[in-house]
Amino acid sequence: MTQTKVEPKFQAVKAAVNYPEMEEKILQLWRDQDVFQRSMREREGGPHYVFYEGPPTANGRPGIHHVLARAFKDIFPRYKTMNGYFVQRRGGWDTHGLPVEIEVEKRLGLSGKQQIEAFGVEEFNRRCRESTMEYIGEWEKLTERMAFWVDLKTAYVTFHNEYVESLWWIMRQLWDKNLLFQGYKVVPYCPRCGTPLSSHELSLGYKEGTVDPSVYVKFKVLDQENTYLLAWTTTPWTLPGNVALAVGEKLAYVKVREADGTLLYLAAALAEQVLKPGFEVLEQLKGRDLLGMHYEPLYRFYPVEQDYAYVVAGDFVSTDDGTGIVHIAPAFGQDDMEVGRKNNLPLIMTVDAAGRFKAEVQPWAGVFVKTADPDITAELKSRGLLYKAGTMEHTYPFCWRCDSPLLYYAKETWYIRTSQVRDQLVALNEQINWYPEHIKEGRFGNWLENNVDWALGRDRYWGTPLPIWKSDAPDSKYMECIGSVAELEAKAGRKLDNLDLHRPYVDNVTWTAPDGGTMRRVTEVADCWFDSGSMPVAQWHYPFENQAKWEEQAQADYICEAIDQTRGWFYTLHAVSTLLFDRPAYKNVICLGHILAEDGSKMSKSKGNVVNPWDMMNDYGADATRWYMYTASPPGNSRRFSGNLVGETVRKFLNTLWNTYSFFVTYANLSDWNVTNENSSVSTQHASDATSHMLDHWVLSELNLLVRNVTAAMEAYDVLGATRPIAEFVDNLSNWYVRLSRRRFWDGDPAALRTLHKVLVTVSQLLAPTTPFIADELYQNLVVNLDGHAPNSVHLSRWPVVDQSLIDEQLSTDMQMVQKVTSLGHAGRQNANLKVRQPLAQVVVRTRQREERASLERLQQLVLDELNVKRLDFADAATDLVDVSVFPYPKQLGQKYGKGYPKIRQAMSQMDQAELAAHFQAGESVEVTVDEQVYVIAPEDVEVRSAPRSGYSVAEDGGYLVAVTTDLSTGLVQEGYARELVRYVQQLRKDANLAISDRIVTYVEASSMIHDVLAHFGDYVREETLSVDLVQVHPAQGQTIPAHLPKANLELGGNEVTIAVSKK
RNA sequence: GGGCCUGUAGCUCAGCCGGUUAGAGCACUGUGCUGAUAACGCAGGGGUCAGUGGUUCGAGUCCACUCAGGCCCA
């Protein structure tokens, strides 16, 4: 081996790597080379792949759950780019809505709408606009740092005039289709925010374990002495609005006499649990018997003209709780409202917009309704109308932002008539590919099937103003919906160039109505979910401009958000697209589970168990964090998260890859190997062209299988399938291919170097979508530095294509068998305390199938080397070296004989195993008779198992058995000593900091027994240790090792040995 | 109250069409190997496969119910 100083072809790689540092370096490279923009620009003209970014709101800091979502969003655009697609990835910001307003209110110390209006809507909205971008810098930084490639420079912003104008256009389309309407409905209403909540907002705020009053109220029946209908409610404040009582027509009711003589009606099934003991049932009756029964109203705060205060039927009445008699206040409940409508009952609105009783409700006028609950209860008690009162825990909705308890109110507001297209919503959902699949028919499908109209209006300030103008002439119903600024200009009769399309500015635009009144905008703004759900249209300011862009980007190939978006963005996108275009907005969607804290509890600021994403980036790096997200659990599952778990990813996966890479670079540079010397171009070179080595073939076969599997998984949006196999491969590459091939790398074998180079380059490409940093780090050094024609970044390169000709399934199977057997062989050695350095005479293997034996025969040398044995044999019932047993396969015999199987098994175990085995091995069937029933057992129904008898150490697993001989000949023992000696010499070399190629003189001072070893194995020792001389020092003859040399002592078979080395 | 999902070793997760002795990684203990590896190999302890009942020759796997957690709806 000659050594000439040459320029290393690859940049030297440190064995220990600081990932965050490495990632920062790569980030700088991407910036310098403008790689992200180029990854789009260079694909222009390619087929389109469309990704929609679900816009976050930047009025808070990004959390680790945003990293999760963004990591998953990033994969497929990168993958498709590498496959030649043009993937425009426009970012977006969601800027309107209550969350923003609440934040600003808090900051300004305002509370409620009156105070906002006093403060001034103009200034309030200005502050809102500012606040939406407050943390945008932090979002941009984290987005870049984690390498989520989304174009934030051109991001759409929902408050921009262009965006709002598109929303107006959409609303105008709905208006023209008569899908926008104003209706009375009972809605969940937040008295603090002064606005109704949409059903998807409502769903954000349910709280279990809410304590509310539970009161049983007696309604005095007219014309019946001392007789009452017993009703139950958890909202005493709704009682002043009571107009009826509902019963289930078919339910069973009873009339009972209490101990004190009071007569009560209630459901039969609930009497026992509701009433005090000692009552007497006077009468059994059905609900329908009670219909029309009038009672004395509890209160008379409002004059009522029509008939009311009587028993009506309600199909919602149950006997699950309460009394089976339900108090009806149409102003405060959806069911109540419907019953009221059906029976022409009055609607008594006792409460104002702030949730306080109106002046007419004298005792409690101005009191917040929930606060009045105890007073109302007390007042009823004072009149003897309270049967009993307590509290109960149930689930009750609260405002998702301000946490006020919601009230159900009859409110007039604007709706989108989504229920009209319900069937279409359901049908179009069929075309969407959901991950996980169960969301499609389950959570999302159910939601669509139960679709109710979308409450669009919000009585708020910072949002897209509803473009509806109404005449203020008395009793006028005249309205217009405006679909563009131009149209508004025409109406207003003036240019509106600089008009900000927000309150209060648009509110100031008026014109004369045909009926003589003044056209004024309705005060409401749109639900902010309408903004984001309309982004496919509005992000392009369609139809006012960008028609071509819109055509290209009209339907997303892929979107990804967490599961809470089923009722949020997933729904609103789908609804808007269905209403407008009658097609799904997206084709593939990954729906992520939530991130939980390490202990499985919810992450929340209040618990203080929130993981700061920057800590992950700084401690472990983006690649590790991303890789953990992808590989930890299926995307739809909720996943536990912690720094420790990410750290495991670093140690297990990234370090293994890095070390293999560093190993390659070290030896490639050492041997002056240069891929470009051999072939014209790195990126096109064919690794298998010039290798005949079985391990090279194997690793290339595995590599191509990997490419095939990962590609298939990517195409199927299967993130686990696209990542976990890479980790397995890297493990195999490092701990099998490289380990077994080390010698070839030391020798600078070009075939080995070429193979490993090819593998590393391909792996870097497979990793590019998932761990973009380490992927590019490898690619830069292994490809870009050498090949002027190569793409400048792995992210600009083409996704690897499977080379079918390199796939050798048989070889892969064979190797798996070798790994299985060598693993068991090591276990066998361990059992007998035989270290691997000690050569053994024989290993005996029992496989389950004959083909597996052939596998081992083909790769026999590998088994022998790996196990350090001289001979490989197979256990065979014919030899008397082994014990045999016959194992009846449950699958085959169970299917054949069903119930008979256990009996057969029992019977066969009683028979002479050797004799049975002999029959089966001769290919004969055997008849087994149990309980006078004859069962024919064919050779393929059983497995003949054999185990070596004695003189072997055995390891067994899953039907496989490996046995190594434990008897050692003198020759084997001596060879073992020689190996031991070599290891110590190598250690000395290492300690003396000798270069790998340095020649040495080795001194061995020991008894004659060891000299005998050297007589046989001296050449071997010399070769292994690059010893020019092997000096045998005989102390008996007065010889000594030169004193200045560092020595090592070891013991070989009870003999003291001292060795030393010196550089030649 | 209803729907969807989850429940397998201390932790994170595999486990196919029901079929041989339920696996991997981490952690722990012991041991071996090492001229790439912050690694690696081997062994050990650690499991009522959440529970109960059912179907079946056979259930972690299928069915029913229950419990716990998560999410959603009312």
Side-chain angles (χ1 to χ4, degrees), chain A residues 13 15-17 199-200 202-204 206 316 318 320-321 334-335 394-395 397 436 438-439 441-447 450 562-564 566-567 593-594 596 598-602 628 631-634 636-642 644-645 647-648 650-652 655-667 720 724 727-728 731 734-736 738-739 742 745-746 822-831 833-837 848 866 887-905 943 945 955-959 983 986-987 989-990 994-996 1025:
Chain A
V13 176
V17 58
S199 46
H200 32 278
L202 175 69
S203 67
L204 297 171
Y206 279 94
F316 50 86
S318 81
D320 293 339
D321 49 23
Q334 185 67 54
D335 290 333
H394 63 162
T395 309
H438 61 80
I439 305 280
E441 301 300 329
R443 188 172 292 197
F444 196 66
N446 290 341
W447 167 252
N450 298 317
I563 191 162
D564 50 286
T566 26
R567 318 294 158 106
H594 286 286
L596 303 175
E598 198 173 14
D599 64 359
S601 66
K602 213 169 158 173
Y628 175 74
T631 54
S633 53
N637 289 14
S638 53
R639 70 202 64 213
R640 299 181 179 202
F641 187 87
S642 75
N644 290 335
L645 295 167
E648 198 178 308
V650 173
R651 286 192 300 276
K652 186 71 198 147
N655 278 351
T656 310
L657 176 62
W658 188 269
N659 287 324
T660 308
Y661 160 62
S662 144
F663 173 87
F664 167 79
V665 169
T666 304
Y667 286 96
L720 273 186
R724 281 183 180 170
E728 265 170 57
D731 190 59
S734 169
N735 291 315
W736 194 254
V738 172
R739 184 166 63 81
R742 270 180 296 193
F745 288 101
W746 300 341
T822 51
S823 167
L824 282 170
H826 284 134
R829 297 187 74 111
Q830 169 91 14
N831 292 343
N833 239 336
L834 293 164
K835 51 180 73 170
V836 177
R837 272 195 299 276
R848 283 173 52 183
E866 186 62 11
F887 175 80
Y889 283 126
K891 187 168 184 175
Q892 284 151 42
L893 288 170
Q895 276 159 9
K896 235 190 226 178
Y897 295 123
K899 268 179 232 231
Y901 172 70
K903 298 182 205 164
I904 296 170
R905 188 172 182 171
E943 181 177 305
R945 292 178 170 178
E956 219 175 342
D957 178 59
R983 189 180 110 63
Q986 303 288 34
Q987 190 61 46
R989 288 183 58 115
K990 206 174 174 181
L994 297 182
I996 289 166
T1025 60

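Letters A, B, ... mirror the listed sequences (proteins, then strands); counts begin at 1. As the structure is a computational prediction, the values presented were derived from the model and not from experiment.
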With a cut-off of less than 4.0 Å, is there a side-chain N or O of [X] near OP1 or OP2 of [N]?
X: Lys652(A); N: C40(B); result: yes
X: Tyr667(A); N: A36(B); result: yes
X: Arg739(A); N: A36(B); result: no
X: Trp658(A); N: A39(B); result: no

Notebook entry, point to check: Does Asp731(A) reach the main-chain N or O of Ala727(A) with its side chain, forming a donor-acceptor pair under 3.5 Å?
Noted result: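 Checking the backbone N and O of Ala727(A) against the side chain of Asp731(A), no donor-acceptor pair under 3.5 Å is found.
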
Next item on the list: Give a yes or no on whether the backbone of Tyr901(A) and the side-chain of Arg905(A) come within a donor-acceptor separation of less than 3.5 Å.
Entry: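 No: the side chain of Arg905(A) does not pair with the backbone of Tyr901(A).
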
Notebook entry, point to check: For G10(B), which nucleotide is its Watson-Crick or G-U wobble mate, given both distances must be under 3.5 Å?
Noted result: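 Pairing partner: C26(B).
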
Notebook entry, point to check: Is there a Watson-Crick or G-U wobble partner for G41(B) with both distances under 3.5 Å, and if so, which one is it?
Noted result: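 Base-paired to U31(B).
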
Next item on the list: Nearest-nucleotide wise, let me know which of Thr631(A) and Thr660(A) is further upstream toward the 5' end of RNA chain B.
Entry: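 Looking at the nearest nucleotide for each, Thr631(A) comes out on the 5' side.
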
Can you check the [X] [atom1] to [N] [atom2] distance for me, whole Å?
X: Phe444(A); N: C72(B); atom1: CZ; atom2: C1'; value: 13 Å
X: Trp736(A); N: A36(B); atom1: CH2; atom2: P; value: 17 Å
X: Tyr897(A); N: G58(B); atom1: OH; atom2: C1'; value: 17 Å
X: Leu657(A); N: A38(B); atom1: CG; atom2: C1'; value: 15 Å
X: Tyr661(A); N: U37(B); atom1: OH; atom2: P; value: 17 Å
X: Lys891(A); N: U61(B); atom1: NZ; atom2: C1'; value: 13 Å
X: Asn659(A); N: U34(B); atom1: CG; atom2: C1'; value: 13 Å
X: Leu720(A); N: A24(B); atom1: CG; atom2: C1'; value: 15 Å

Next item on the list: Quote, to the nearest angstrom, the C1' distance that separates G60(B) from G7(B).
Entry: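 Those two atoms are separated by 12 Å.
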
Check: When the C1' atoms of A14(B) and G2(B) are considered, how many whole Å apart are they?
Finding: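 Their C1' atoms lie roughly 33 Å apart.
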
Margin query: Check for me whether the distance between the ring centres of Trp658(A) and Tyr661(A) falls short of 6.0 Å.
Written below: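 Yes, they do, as the ring centres are separated by less than 6.0 Å.
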
Note to self: Let's test your reading of the model: under 3.5 Å, does the base of A36(B) pair with the side chain of Ser734(A) as donor and acceptor?
What the structure shows: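 Yes.
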
Margin query: Taking any heavy-atom pair under 4.0 Å as a contact, classify Arg742(A): base, sugar-phosphate, or nothing.
Written below: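 The residue Arg742(A) makes base contact.
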
Check: Where the side chain of His594(A) is concerned, which of G19(B), C71(B), G35(B) is the nearest nucleotide?
Finding: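 Per side-chain heavy atoms of His594(A), the pick is C71(B).
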
Check: Which of these nucleotides, G19(B), C40(B), A36(B), is closest to any side-chain atom of Asn735(A)?
Finding: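 Closest nucleotide to the Asn735(A) side chain: C40(B).
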
What does the list of N/O pairs under 3.5 Å between the protein and nucleotides 2-6 of chain B look like, with a distance for each?
residue	atom	partner	partner atom	Å
G3(B)	O2'	Asn446(A)	ND2	2.8
G3(B)	N2	Arg443(A)	NH2	3.3
C4(B)	O2'	His438(A)	ND1	3.1
C4(B)	O2	Arg443(A)	NH2	3.3

